[in-house]
Amino acid sequence: MLDINLIRIQPDIVRQALLNRNEDTHNLDAILQLDVQRREALKQSEQLRALRNTVSKEIGKMKDATQREAKIAEMRRVGDQITVLDAELRKVETQLDALTATLPNIPDPRIPVGPSEESNVILRTVGEPRQFGFQPKPHWELGTALGLLDFERGVKLSGTRFYVLNGLGARLQRALIAWMLDLHTFQGYREEYLPFMVKQQILFASGQLPKFKDNLYHDAEEDFWMVPTAEVPLTNLHGGEILKVDDLPLHYCAYTPCFRREKMKAGSDVRGIKRGHQFDKVEMYKFCTPETSNEEHEKMLADAEAVLKGLGLVYRVKLLCTGDIGFSARITYDLEAWAPGCGEWLEVSSVSNCGDFQARRANIRYRPEAGAKPEYVHTLNGSGLALPRTMIAVMENYQRADGSIEIPEVLRQFIGTDVIVGKDELRRQ
RNA sequence: GGAAAGGUGGCCGAGUGGUUUAAGGCGACGGUCUUGAAAACCGUUGUGGGUCUUGUGCUCACCGUGAGUUCGAAUCUCACCCUUUCCGCCA
């Protein structure tokens with residue numbers, strides 16, 4: 001949520017931000033007008049309330065019955081006026097809030113301006129793609145041959161784009177989760193186990209609602225919404241709180257499944273486990289002061305990169321442009337891992353600084369010093385990492401000519417083997 | 001799911017329609033005293049909005065949430081949420 005004072009005083013900044021994001025600006029003019037109406041109605045209503053408050057107190061002390069009745073009648077009329085004004089005020093406020101809630105965050109001036117992903121900038125590529133002495137296979141071939149992946153049974157259970165991980169396939173994912181959480185804990189993030197279903201308000205605060213309702217799953221009868229990312233419950237962990245400045249920055253990490261209703265383009269990403277309605281992710285999250293958020297953002301990027309480095313994967317770092325960053329973000333780095341089998345750079349992480357945008361929606365503040373007014377914290381989130389795509393990168397990069405898959409060093413103690421050779425070995429496990 | 005009791009400031013806790021402008025206490029902060037500290041004493045104390053004469057300013061709202069009754073609601077009515085205890089069910 002943007003500060004209404006900012007919108008009022010510097011509407012041009014907001015207008016330019018919308019244009020840079022390739023979004024239209026007509027809501028902005030409506031907001032400015034509603035804001036004027038709101039303050040006018042509020043002023044009138046409050047003046048009448050002030051009058052009623054003082055007169056009502058006098059009524060309580062009045063002895064003269066006639067005089068008393070006259071004042072009561074007068075205040076009854078004032079009350080009626082207040083009722084009318086308040087109804088008007090509520091209407092205006094509802095409209096104003098609805099429109100303000102649709103305004104995205106203002107992009108950081110450091111990011112490239114551009115209407116679409118074409119304008120994203122690749123900052124660096126880390127590592128050299130491995131040279132294979134054979135044609136590397138895509139993970140769906142490797143996985144099914146080794147008995148790690150079962151697409152048919154996934155479809156049987158839940159339909160297209162669902163899959164089952166078998167045996168060491170499931171175990172590889174669990175090993176990745178356990179190792180990543182341990183790594184992040186070592187990096188200073190506290191591990192949290194969170195609800196996977198949350199209330200509607202929680203999704204509003206992190207910025208998914210109202211705009212992206214179509215991408216969410218929810219219970220038809222109860223106010224339960226399936227989380228699309230751990231960022232949602234993590235943002236709201238401290239919702240409505242005034243944090244102690246000495247406790248900042250707060251670092252959290254969490255493993256959750258993620259549920260996303262996505263309109264999948266027919267024919268794209270159909271094969272394999274790259275994109276589905278359900279996937280697992282380990283997430284990092286920070287609450288910090290405005291002064292440190294840029295620095296914390298860079299550190300979080302390094303923490304996400306450490307996961308890729310630990311796994312020995314080749315990746316590149318992308319700085320997203322104004323047209324491609326998320327609704328709540330001011331600046332976002334994407335990390336893309338190289339997958340030689342399917343020949344793609346796979347987005348495995350997105351590391352964003354949301355500034356005070358989510359903190360306003362979730363009302364998360366801190367007191368800079370004793371006695372000072374509370375101010376909004378900054379919030380940051382980053383994947384560390386998304387599991388299916390990390391699985392793809394590991395499987396495809398560590399495959400050998402005979403179709404077996406070597407296990408990255410760091411995962412061996414979690415999975416209990418150095419190599420996945422095939423179904424026969426699976427049975428012996 | 002059933003029954004009962006509850007929900008008031010950072011915390012405890014009083015408050016059943018009008019000196020409540022939410023008592024009192026604890027804590028915290030500031031001051032006096034002290035070589036220093038403690039104690040004692042004095043003072044201060046939440047959040048958000050509006051407004052201008054930017055002030056120790058004025059004003060509105062906030063006692064779980066939302067409606068309602070009333071000239072006036074923490075207080076009365078209704079609905080809902082949450083907590084605690086007991087019963088039932090359950091991995």
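Residue numbers start from 1 in every chain, and the chains themselves are labelled A, B, ... in the order their sequence lines are given, proteins ahead of strands.
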A.B. asks: 5'-most contact on RNA chain B: Gln47(A) or Lys57(A), nearest heavy atom basis?
C.D. replies: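 Here Lys57(A) is the residue nearer the 5' end.
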A.B. asks: Considering Watson-Crick and G-U wobble pairs with both distances under 3.5 Å, what does G30(B) pair with?
C.D. replies: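 When the pairing criteria are applied, C42(B) turns out to be the nucleotide that pairs with G30(B).
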A.B. asks: Say you pick atom C1' in G64(B) and the same atom in G6(B); how far apart are they, in whole Å?
C.D. replies: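 One C1' to the other, the span is 11 Å.
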A.B. asks: More than 12 non-hydrogen atoms from neighbouring residues, nucleotides or ligands closer than 6.0 Å to CD on Gln201(A), yes or no?
C.D. replies: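 Enclosed.
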A.B. asks: My understanding is that only residues two or more places apart in sequence, or in another chain, count here; which of them pass ring-ring contact (aromatic ring centres under 6.0 Å, His included) with Phe212(A)?
C.D. replies: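 With sequence neighbours excluded, Phe212(A) shows a ring-ring contact (aromatic ring centres under 6.0 Å, His included) to Phe327(A), given in chain and number order.
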A.B. asks: Expressed in angstrom and rounded to an integer, what is the separation of Asp223(A) atom CG from C80(B) atom P?
C.D. replies: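 To the nearest whole Å, that distance equals 16 Å.
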A.B. asks: If we take the P atom in both A73(B) and G66(B), what is their distance in whole Å?
C.D. replies: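 So the two P atoms sit 16 Å from each other.
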A.B. asks: Looking at RNA chain B, which of residues 70-95 of chain A put a heavy atom within less than 4.0 Å of it?
C.D. replies: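 Within residues 70-95 of chain A, the residues near RNA chain B are Ile72(A), Met75(A), Arg76(A).
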A.B. asks: Quantified in whole Å, what is the P atom distance between nucleotide U53(B) and nucleotide A37(B)?
C.D. replies: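 That atom pair is separated by 46 Å.
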A.B. asks: Give me the distance, rounded to whole Å, that separates C87(B) from U20(B) when you measure between the P atoms they each carry.
C.D. replies: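 Result for the P pair: 45 Å, nearest Å.
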A.B. asks: Answer with yes or no after comparing the ring centroid distance for Phe224(A) and His218(A) against a 6.0 Å cut-off, counting only values under it.
C.D. replies: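 No, too far apart.
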A.B. asks: Write down the distance separating the C1' atoms in C52(B) and C60(B), rounded off to the nearest Å.
C.D. replies: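 So the two C1' atoms sit 15 Å from each other.
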A.B. asks: For His251(A) together with Phe287(A), are the ring centres under 6.0 Å from each other?
C.D. replies: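 Aromatic pair excluded; centres sit 6.0 Å or further apart.
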A.B. asks: Roughly how far apart, to the nearest Å, are C26(B) and A61(B) at atom C1'?
C.D. replies: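 It works out to 28 Å between them.
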A.B. asks: With both distances under 3.5 Å as the test, what is the Watson-Crick or G-U wobble partner of G9(B)?
C.D. replies: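 Across all strands, not a single nucleotide pairs with G9(B).
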A.B. asks: Could you check which nucleotide pairs with C58(B) in any of the strands shown, counting Watson-Crick or G-U wobble with both distances under 3.5 Å?
C.D. replies: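 Pairing partner: G50(B).
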A.B. asks: Is the NZ atom of Lys211(A) crowded by more than 12 outside heavy atoms at less than 6.0 Å?
C.D. replies: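 Result for NZ/Lys211(A): enclosed.
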A.B. asks: Partners of His378(A) by ring-ring contact (aromatic ring centres under 6.0 Å, His included), sequence neighbours excluded?
C.D. replies: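 Checked His378(A) against ring-ring contact (aromatic ring centres under 6.0 Å, His included); zero matches.
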A.B. asks: According to the Watson-Crick and G-U wobble definitions, with both distances under 3.5 Å, which nucleotide is paired to U84(B)?
C.D. replies: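 Paired with A4(B).
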A.B. asks: Can you check the distance between U21(B) and G15(B), where both ends of the measurement are the C1' atom (answer in whole Å)?
C.D. replies: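 Result for the C1' pair: 15 Å, nearest Å.
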A.B. asks: Would you mind pulling out the nucleotide paired to G36(B), Watson-Crick or G-U wobble, both distances under 3.5 Å?
C.D. replies: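 Looking at the geometry, G36(B) pairs with no nucleotide.
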A.B. asks: According to the Watson-Crick and G-U wobble definitions, with both distances under 3.5 Å, which nucleotide is paired to A14(B)?
C.D. replies: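 Its partner is none (no Watson-Crick or G-U wobble pair with both distances under 3.5 Å).
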A.B. asks: If you measure from the C1' atom in A91(B) to the same atom in G7(B), how many Å do you get, rounded?
C.D. replies: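 Result for the C1' pair: 31 Å, nearest Å.
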A.B. asks: Anything under 30° is parallel, anything over 60° is perpendicular, the rest tilted; go ahead and classify Phe196(A) against Tyr255(A).
C.D. replies: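 It falls in the perpendicular class, over 60°.
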A.B. asks: Is it the case that over 12 heavy atoms from other parts of the model lie below 6.0 angstrom from the NZ atom of Lys309(A)?
C.D. replies: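 Yes.
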A.B. asks: Can you tell me if Asn53(A) touches the phosphate of C60(B), counting only side-chain N or O atoms and a distance under 4.0 Å to OP1 or OP2?
C.D. replies: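 Answer yes for this pair, as a side-chain N or O of Asn53(A) is under 4.0 Å from OP1 or OP2.
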A.B. asks: Name all residues meeting the side-chain hydrogen bond (donor to acceptor under 3.5 Å, both in side chains) criterion together with Glu375(A); count only those two or more places apart in sequence or in a different chain, and write none if there are none.
C.D. replies: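 Counting only residues at least two positions away or on another chain, Glu375(A) forms no side-chain hydrogen bond (donor to acceptor under 3.5 Å, both in side chains).
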A.B. asks: Ile59(A) has an atom CD1; how far is it from atom C1' of G18(B), in whole Å?
C.D. replies: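 Nearest whole value for this atom pair: 10 Å.
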A.B. asks: Under a 3.5 Å cut-off for both contacts, is C90(B) paired Watson-Crick or G-U wobble with anything, and if yes, with which nucleotide?
C.D. replies: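 Looking at the geometry, C90(B) pairs with no nucleotide.
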A.B. asks: Of all residues at least two apart in sequence or in a different chain, which pass the ring-ring contact (aromatic ring centres under 6.0 Å, His included) check with His139(A)?
C.D. replies: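 With neighbours one apart ignored, the set is empty.
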A.B. asks: Under 4.0 Å: is that the gap between some side-chain N or O of Arg49(A) and OP1 or OP2 of U59(B)?
C.D. replies: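 So the side chain of Arg49(A) is outside the cut-off, no N or O lying under 4.0 Å from OP1 or OP2 of U59(B).
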A.B. asks: Would you tabulate the pairs of protein nitrogen or oxygen atoms and nucleotide nitrogen or oxygen atoms of nucleotides 46-50 of chain B closer than 3.5 angstrom?
C.D. replies:
from: U47(B); atom 1: OP1; to: Arg367(A); atom 2: NH1; distance (Å): 2.8
from: U47(B); atom 1: O3'; to: Arg365(A); atom 2: NH1; distance (Å): 2.9
from: G48(B); atom 1: OP1; to: Arg365(A); atom 2: NH1; distance (Å): 2.6
from: G49(B); atom 1: O2'; to: Arg38(A); atom 2: NH2; distance (Å): 3.2
from: G49(B); atom 1: N2; to: Glu46(A); atom 2: OE1; distance (Å): 2.4
from: G49(B); atom 1: N2; to: Glu46(A); atom 2: OE2; distance (Å): 2.7

A.B. asks: Between atom CD in Glu69(A) and atom P in U70(B), what is the gap in whole Å?
C.D. replies: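 In whole Å, U70(B) P and Glu69(A) CD are 14 Å from each other.
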A.B. asks: Assess whether a salt bridge exists between Glu347(A) and Lys274(A), defined as any Lys/Arg side-chain N lying under 4.0 Å from an Asp/Glu carboxylate O.
C.D. replies: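 Lys274(A) and Glu347(A): not salt-bridged.
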A.B. asks: Taking a pair as Watson-Crick or G-U wobble with both distances under 3.5 Å, which nucleotide is matched to G72(B)?
C.D. replies: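 WC or wobble partner does not exist here.
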